[in-house]
Trainee: 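Questions regarding the structure given below will be posed in turn.
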There are 2 protein chains.
Amino acid sequence: MSKRVPNPKCASCGSRHKSVFCSLNSEQLIELDEEKSCDIYSKGEAIFKEGSYPRGLFCVNKGKVKLSRTGAEGKEQILRFAKAGDVMGYNSMLSNKPLAATATALEDASICFIPAKEFFSLLKDDPRFSLNMLELTAKNWHTASRLLTDMAQKSSKQRLAEMLLWLKETFGLDEDDCIDVKLSREEIASMVGTATEAVIRLLSDLKKKGLIHLDGKKIQLVDIHGLATLAELND
Amino acid sequence: MSKRVPNPKCASCGSRHKSVFCSLNSEQLIELDEEKSCDIYSKGEAIFKEGSYPRGLFCVNKGKVKLSRTGAEGKEQILRFAKAGDVMGYNSMLSNKPLAATATALEDASICFIPAKEFFSLLKDDPRFSLNMLELTAKNWHTASRLLTDMAQKSSKQRLAEMLLWLKETFGLDEDDCIDVKLSREEIASMVGTATEAVIRLLSDLKKKGLIHLDGKKIQLVDIHGLATLAELND
DNA sequence: GGTGGAATATGACAAATATCATACTTATCA
DNA sequence: TGATAAGTATGATATTTGTCATATTCCACC
């Protein structure tokens, strides 16, 4: 299970300026520090599960998280990822519906928890925070509408290329141009919406074409422009 | 082109109570009436186009609208629908990104337009309105995450059944249990994410199974429970 | 530093779906 | 009202993708 740790201070959180909390003043930050708690989750552990109701907002302090949904046949579908500074669980609280996704730590992660009461009090009292949240949910729609179109219209090869580029945008590349997150072929398959075997075949296809290089779970992007072309054009 | 018509009054708009404007007081409604304008769009006409930046919020007064996106190969993908009381264009304004979708009138429609300035002033001054908007965008995510999972994992037959039920939820049934919107097979195909021919075949399949009845563009839902079962279970 | 189990890889085949060709049917408008 | 286009329908075929079987490799754990 997760274990409680001393709260990191919001004011000194390196990710705050890129987060929805960027516009909070020092007084609000101190109040957040008092109200929140922080837990460590180890790799593979669930932070919350779809179908339940969250009692507050989750904010990633450290680590990488996948948000996924269980489809009709029990198959996992990865919807998005969260990294330091990203918040989770807000859609459920704002729409008063059960959580649409399960959040799972992809590596050991520390996650702050802000009680619903505090979250809603920020929304009520601070229009700038409301606007930040609105901007966030609106951007989500942008991403979702694009993903939806891709899922509906593109081949699995195109979708794989797309997802590799998406992973690059989300987690960046390390010094060797490798995507900076470790995912199993099965997890990649549940992003792309295809079978694990297909992902394996398609990845070695991309390797053969010189677009990527593979070394275990490490995926090196050799020709990003080529990947983008592949993702857009049909062959 | 669309033509300007006298503004309908927000206070007497039958759809207002189910809309994001439900919590506005009479003073706010009068201000809205003063600031907004209203246009008539005929069937097939575009209300706004993806890629452009909206100067305000669109609100459907009367008629049915489809919101769609153009995929890589120029193929249309229908993302959602809007009917009386629904607002459009907010995601783009809130995220300061170009419009993700094109809005097209499915039948003659009257659409109110609320300038951005008025929209943002409501957001800034009325926390209840902000919360309504947040609730709306959060619900959109719920819908999108489900659609995304369906697109990625379900067969085209299952997706078609799903879409028929979605249309029923959105537009309801008329006195003959027919879905109360007229869509071409091609449009249905661009919801389901498949070829027009496939939709034609699958529809006559559903008819043969006694789940629906067809009469031109009219689709009568004979066995809703059966459709729901088909949408969930793989044969 | 082996060893068992999971993850990855590859082949063969089946099923689903797209594509193309071609009727047929229904709207639309001069 | 008849001409013409658009939409609907159906068959044949090619392609993509899923599924199952079976190696092979990797890796955590004793």
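Every chain is numbered from 1, with letters handed out A, B, ... down the list of sequences. Keep in mind that the numbers below use all heavy atoms, side chains included, and drop hydrogens, waters and symmetry copies. Just so we're clear, the structure is a prediction, and the values are computed from it rather than from any experiment.
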Trainee: Would you kindly say whether Thr70(A) and Glu50(A) are connected by a side-chain donor-acceptor distance under 3.5 Å?
Mentor: yes
Trainee: Fit a plane to each ring of Phe81(B) and Phe171(B), take the angle between them on a 0 to 90° scale, and name the class: parallel (under 30°), tilted (30 to 60°) or perpendicular (over 60°).
Mentor: perpendicular
Trainee: Distance-only, no hydrogens or angles: does the Thr143(A) side chain make a donor-acceptor pair with backbone N or O of Lys139(A) under 3.5 Å?
Mentor: yes
Trainee: To the nearest Å, how far apart are Leu160(B) CG and dA16(C) P?
Mentor: 15 Å
Trainee: Do Asp215(A) side-chain atoms and Lys218(A) backbone N/O form a donor-acceptor pair below 3.5 Å?
Mentor: no
Trainee: Round to the nearest Å and state the distance from Gln153(B) atom CD to dA16(C) atom P.
Mentor: 17 Å
Trainee: Please determine whether side-chain contact (heavy atoms from CB on, under 4.5 Å) holds for the pair Asp223(B) and Ile212(B), giving the CA-CA distance in whole Å, both sets of side-chain angles, and the decisive distance to 0.1 Å.
Mentor: CA-CA 7 Å; Asp223(B) 181 359; Ile212(B) 62 173; over 6 Å; no
Trainee: Are more than 12 heavy atoms from other residues, nucleotides or ligands located less than 6.0 Å from atom NZ of Lys182(B)?
Mentor: no
Trainee: Rounding to an integer number of Å, can you tell me how far Gln158(A) CD sits from dT16(D) P?
Mentor: 11 Å
Trainee: Does the dG18(D) base have a donor-acceptor partner in the side chain of Arg201(A) within less than 3.5 Å?
Mentor: no
Trainee: How long is the line joining NZ of Lys208(A) and C1' of dT10(C), in whole Å?
Mentor: 10 Å
Trainee: Roughly how many Å is it from NZ in Lys182(B) to P in dT26(C), rounded to a whole number?
Mentor: 15 Å
Trainee: For Met151(B) and Gln77(B): C-alpha separation, side-chain torsions, deciding distance, then whether side-chain contact (heavy atoms from CB on, under 4.5 Å) applies.
Mentor: CA-CA 12 Å; Met151(B) 279 295 172; Gln77(B) 180 64 38; 3.8 Å; yes
Trainee: Just how far, in rounded Å, is C1' of dT8(D) from CG of Leu203(B)?
Mentor: 11 Å
Trainee: Just by distance, no angles: are the side chains of Glu45(B) and Thr104(B) close enough, under 3.5 Å, to form a donor-acceptor pair?
Mentor: no
Trainee: At a heavy-atom distance below 4.0 Å, what parts of residues 185-200 of chain B sit against DNA chain D?
Mentor: Arg185(B), Glu197(B), Ile200(B)
Trainee: Between dT17(C) and Ser156(B), is there an OP1 or OP2 to side-chain N/O distance shorter than 4.0 Å?
Mentor: yes
Trainee: Quick check against the 3.5 Å criterion: does Asp86(A) have a side-chain atom that pairs as donor or acceptor with the backbone of Val60(A)?
Mentor: no
Trainee: For Gly63(B) versus Glu107(B), what's the shortest heavy-atom pair and its separation?
Mentor: CA-OE2, 3.6 Å
Trainee: When you match Arg159(B) and Lys43(B) each to their closest nucleotide on DNA chain C, which lands nearer the 5' end?
Mentor: Arg159(B)
Trainee: Across nucleotides 22-30 of chain D, 5' to 3', mark each nucleotide with B, S or - according to how protein heavy atoms within less than 4.0 Å reach it.
Mentor: ---------
Trainee: For the pair made of CG in Leu206(B) and C1' in dA9(D), what is the distance, rounded to whole Å?
Mentor: 16 Å
Trainee: Have a look at the helix from dG1(C)-dC30(D) to dA30(C)-dT1(D) and give the angle its two end axes make, five pairs each, rounded to 10 degrees.
Mentor: 50°
Trainee: Using only atom types and a distance under 3.5 Å, with no angle test, would you say the side chain of Asp108(B) pairs donor to acceptor with the backbone of Ser42(B)?
Mentor: no
Trainee: With DNA chain D as reference, determine whether Ser184(B) or Ser155(A) sits nearer its 5' end, using the nearest nucleotide of each.
Mentor: Ser184(B)
Trainee: On a heavy-atom basis, which atom in Asp150(B) and which in Arg159(B) lie closest, and how many Å separate them?
Mentor: O-CD, 3.7 Å
Trainee: Could you state the CG-P distance from Asp215(A) to dA9(C), rounded to the nearest angstrom?
Mentor: 11 Å
